[in-house]
Amino acid sequence: MQQEKVVVGEGTEFPLDSLLTLPDVAESGIPSVVLVHGSGPQDKDETIKAVAPFRDIAEALADKGIATLRYDKRTQTYGKEMMVHPGNITVESETIEDAIRAAHLLRDDPRIGKVFILGHSLGGMLAPRIDAEGGDFDGIIIAAGSPRTLREIMLDQFAETSTQYKGLIRKIADKQVTKLAKEFAAIDSMTDEEAQQKRLFGQTRAYYFKEMEAHPASQYLESMTKPVFIFQGDKDFQVYPEKDFEGYRQLLEGRPNVALKLYPGLNHVFNDSCKTRTIKDYETPGKVDPRVTDDIARWILSN
């Protein structure tokens, strides 16, 4: 395995520290993957407490002859600068632009052959749009994504968290979920300008959700003919197999270009630390299960 420091978006307003991981034998025609993060500020390894799924995937794929490009997310490096105008933050500025720049960087490397995208969680939800807006990948990998809207998923997450409390705290939590549901529902009747001003929680504005929902994943996937691999762990507590993976299945099952797989015993970051089915599980060091990385490699090499 070889690792080279590169810059995604070099010469732009938002250059990002990045790592190109290559197989030991790196000559020409190497298949490659752009790794696209989930929600929130993330480093290039997608570090969450004691786990680093993007580092695990990059190292495992290098052993299989596949290159990866991973980079610090824009909100990780330039969060303060972006928060000067929080109403302007969308998935376009937060995620999509940099993923397309990463694809171009790989295509400009004479050692690289086909270029794929692997989007995790929110990155998986956005992967079809990234492809359509200029990524132009040779194949799409969606890891623990969803064809539903982000606000639907977040309401489920908040409601699930509420069930973990009792008594007065449970009542307070339930009221907060109800309040958020009303605020989310109100987005549909807002103008873009109103949504840019409406604060939901922290600095997040309603326009972030409104803009994203104007480009539903289903509209890209239904017309897509290039190879797609969608997978999830059945112990995922952040995105729901019975709603999200099943949603992909109902939308795409039977399509010759689509492969779907649900992994028994794995969580949102694809390891088997699932004791509490809460964020505390990520405090236990663990790596992405080899079943997952073997399947990713096999799928890429077959396409």
Side-chain angles (χ1 to χ4, degrees), residues 8-9 12-16 36-43 46 71-103 117 119-135 142 144-161 175-222 238-240 243-244 247:
V8 166
T12 70
E13 185 180 359
F14 300 107
L16 299 171
V36 181
H37 319 74
S39 58
Q42 299 272 356
D43 66 14
E46 206 185 33
Y71 48 91
D72 294 331
K73 194 171 178 180
R74 189 182 297 190
T75 45
Q76 169 82 1
T77 305
Y78 300 103
K80 290 183 179 179
E81 293 88 340
M82 295 177 74
M83 283 302 173
V84 173
H85 301 290
N88 294 335
I89 297 176
T90 64
V91 291
E92 187 80 44
S93 62
E94 179 195 45
T95 298
I96 295 172
E97 290 177 357
D98 295 320
I100 292 172
R101 289 169 180 171
I117 181 174
H120 178 227
S121 197
L122 178 63
M125 295 169 68
L126 295 173
R129 179 177 171 186
I130 296 166
D131 174 70
E133 291 193 2
I142 299 174
S146 175
R148 296 193 296 154
T149 65
L150 181 59
R151 54 174 157 166
E152 286 178 293
I153 296 166
M154 290 183 68
L155 278 174
D156 280 348
Q157 291 173 340
F158 282 115
E160 177 66 24
T161 299
K175 286 182 179 180
Q176 290 175 334
V177 172
T178 301
K179 179 175 180 290
L180 182 60
K182 290 179 179 178
E183 291 179 339
F184 274 154
I187 294 173
D188 296 329
S189 60
M190 292 180 187
T191 65
D192 287 352
E193 292 75 17
E194 289 170 339
Q196 287 171 336
Q197 295 299 318
K198 175 62 177 176
R199 182 183 298 182
L200 294 178
F201 35 83
Q203 289 293 319
T204 302
R205 304 301 167 98
Y207 187 64
Y208 183 89
F209 298 91
K210 183 177 176 65
E211 191 278 339
M212 184 179 176
E213 290 174 22
H215 306 272
S218 58
Q219 78 176 16
Y220 301 105
L221 287 168
E222 285 177 329
Q238 292 180 260
V239 181
Y240 302 90
K243 293 183 179 181
D244 300 303

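These values consider heavy atoms only, across backbone and side chains, with no hydrogens, waters or symmetry-generated copies.
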Which pair of non-hydrogen atoms, one from A103 and one from G135, has the smallest distance, and what is that distance?
CB-O, 4.0 Å
Heavy-atom side-chain contact between L221 and S218 under 4.5 Å
no
Heavy-atom side-chain proximity of F209 to L200 below 4.5 angstrom
yes
Nearest 0.5 angstrom please: M82 CE to I89 CD1, how far?
4.5 Å
Looking only at heavy atoms, which two atoms of Q76 and Q42 are closest? And how far apart?
CB-O, 3.3 Å
How close do Y78 and P15 get, heavy atom to heavy atom, and via which atoms?
OH-O, 2.6 Å
Run the numbers on V36 and L126 for side-chain contact (heavy atoms from CB on, under 4.5 Å), then give the verdict.
CA-CA 9 Å; V36 181; L126 295 173; 5.9 Å; no
Are the side chains of D131 and I117 in touch, meaning some heavy atoms are under 4.5 Å apart?
no
H37 and Y71 aromatic ring geometry - parallel, tilted or perpendicular at 30°/60° bounds
perpendicular
Note: R205 and P86 closest approach over all heavy atoms is NH2-CG, 3.3 Å
Can you name the closest pair of heavy atoms from G145 and D244 and give their distance?
O-CB, 3.7 Å
In Å and rounded to the nearest 0.5 Å, what is the CE to CZ distance from M154 to F184?
4.5 Å
Residues I187, R151; criterion side-chain contact (heavy atoms from CB on, under 4.5 Å); working and verdict:
CA-CA 10 Å; I187 294 173; R151 54 174 157 166; 3.9 Å; yes
Atom CG in L16, atom CG in D43: separation rounded to 0.5 Å?
12.0 Å
For a 4.5 angstrom cut-off between non-hydrogen side-chain atoms, does E94 reach L122?
yes
Thinking salt bridges, do R129 and E211 make one under a 4.0 Å N-O criterion?
yes
By salt bridge (Lys or Arg N to Asp or Glu O under 4.0 Å) - contacts of D156 (at least two apart)
R148, K243
For the residue pair I153 and Q157, establish whether any side-chain heavy-atom pair is separated by less than 4.5 Å.
yes
Evaluate Y207 against M190 for side-chain contact (heavy atoms from CB on, under 4.5 Å), listing each step before the verdict.
CA-CA 9 Å; Y207 187 64; M190 292 180 187; over 6 Å; no
With rounding to the nearest 0.5 Å, note down the distance linking CG in D98 to OG1 in T12.
7.0 Å
Nearest-0.5 Å distance that lies between atom NZ in K198 and atom NZ in K210:
14.5 Å
Output for pair (M212 CE, M125 CE), nearest 0.5 Å, gives 4.0 Å
Under the side chain to side chain donor-acceptor pair (under 3.5 Å) criterion, do E160 and Y240 qualify, and how do the steps go?
CA-CA 11 Å; E160 177 66 24; Y240 302 90; 5.3 Å; no
List the atom of V239, the atom of S146, and the distance in Å for their closest heavy-atom pair.
CG1-CB, 4.2 Å
